[in-house]
Amino acid sequence: MTTPSSNHYVFILMGVSGSGKSVVASRVAHQLQTAFLDGDFLHPRANILKMADGHPLNDQDRQPWLQAINDAAFAMQRTQAVSLIVCSSLKKSYRDILRQGNHNLNFIYLKGDFDTIESRLKARKGHFFKPAMLVTQFATLQEPAENEHDVITVDIRQSVDQVVADTVAAIKHAIQ
């Protein structure tokens with residue numbers, strides 16, 4: 001298998017639902033004039049229907065989805081200098097699947113507290129995620145450990161504009 005150029009990077013914006021991953025990725029991609037993919041678009045139909053019915057996904061449900069994101073990251077890394085992917089990546093084992101074969105892949109952890117994120121979820125309209133599932137997301141979340149050197153943390157308890165600015169700055173610093 002061919003590995004991507006060492007100067008091409010993929011950044012996965014991770015965190016629980018409601019942390020702002022899609023909004024931040026869209027704005028960062030616009031500022032950096034690059035591509036971004038919302039990993040939710042790669043969920044199989046069965047996963048979307050399960051979440052829409054208010055049921056959390058299990059690891060078996062997530063396996064094909066994570067592999068699809070890994071494949072997308074590899075493809076994007078081969079063709080773009082900087083690419084962004086939105087994916088919750090709640091467990092270390094999920095992050096490890098995404099890392100496989102993607103040597104210039106980094107994570108940006110959009111970190112926030114339960115109350116902040118719950119209020120954002122309650123304000124959403126037309127999204128398949130149910131606010132009651134946030135409890136499950138926080139229970140599943142394995143915050144990145146110190147030995148996960150490819151994870152950058154951005155605090156979301158600030159304005160979206162500041163989160164975007166911090167994310168752009170983190171990406172620019174990481175690719176230097």
(message) Taking Lys92 first and then Glu148, would you say they form a salt bridge - that is, a charged N and a carboxylate O separated by under 4.0 Å?
(response)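 Judged by the 4.0 Å cut-off on N to carboxylate O distance, Lys92 and Glu148 do not form a salt bridge.
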
Are [X] and [Y] packed together at the side-chain level, in the sense that at least one heavy-atom pair is separated by less than 4.5 angstrom?
X      : Y      : result
Ser19  : Met14  : no
Val82  : Phe11  : yes
Lys91  : Thr140 : yes
Ser89  : Leu98  : yes
Leu84  : Val28  : yes
Asp59  : Tyr94  : yes
Gln63  : Ile97  : yes
Leu110 : Ile108 : yes

I need the minimum non-hydrogen distance between [X] and [Y], along with the two atoms involved.
X     : Y     : value
Asn47 : Asp61 : ND2-O, 3.0 Å
Ser88 : Trp65 : OG-CH2, 3.9 Å
Cys87 : Leu66 : SG-CD2, 4.2 Å
Val86 : Ala25 : CG2-CB, 3.4 Å

(request) Go through the steps for Arg95 and Leu90 under the test side-chain contact (heavy atoms from CB on, under 4.5 Å), then give the verdict. (result) CA-CA 8 Å; Arg95 296 188 291 276; Leu90 296 178; 5.7 Å; no

[atom2] on [Y] to [atom1] on [X], rounded to 0.5 Å:
X      : Y      : atom1 : atom2 : result
Phe36  : Lys21  : CZ    : NZ    : 12.0 Å
Lys111 : Asp155 : NZ    : CG    : 8.0 Å
Ile12  : Asn102 : CD1   : CG    : 7.5 Å
Ser22  : Leu13  : OG    : CG    : 9.0 Å
Asn104 : Asp150 : CG    : CG    : 10.5 Å
Leu57  : Arg62  : CG    : CZ    : 5.0 Å

(request) Indicate, with yes or no, if Val10 and Phe41 share a hydrophobic cluster defined by side-chain heavy-atom contacts under 4.5 Å among Ile, Leu, Val, Met, Phe, Trp and Tyr. (result)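 No; tracing contacts between hydrophobic side chains, which count when under 4.5 Å, never links both residues.
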
(request) Over 60° means perpendicular and under 30° means parallel, so classify the ring planes of Phe138 and Phe114, tilted if in between. (result)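 Answer is tilted, since the angle falls between 30° and 60°.
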
Any side-chain donor paired with an acceptor under 3.5 Å for [X] and [Y]?
X      : Y      : result
Asp113 : Thr116 : yes
Gln67  : Asp71  : yes
Tyr9   : Gln80  : no

(request) Please step through salt bridge (Lys or Arg N to Asp or Glu O under 4.0 Å) for the pair Arg27 and Asp161, ending with a clear verdict. (result) CA-CA 9 Å; Arg27 292 186 187 184; Asp161 289 341; 3.3 Å; yes

Identify each donor-acceptor pair in which a side-chain atom of residues 165-176 lies under 3.5 Å from a protein atom, sequence neighbours left out, and give them as a table.
| residue | atom | partner | partner atom | Å |
| --- | --- | --- | --- | --- |
| Asp166 | OD1 | Gln162 | NE2 | 2.7 |
| Asp166 | OD2 | Gln158 | NE2 | 2.9 |
| Thr167 | OG1 | Val163 | O | 2.8 |

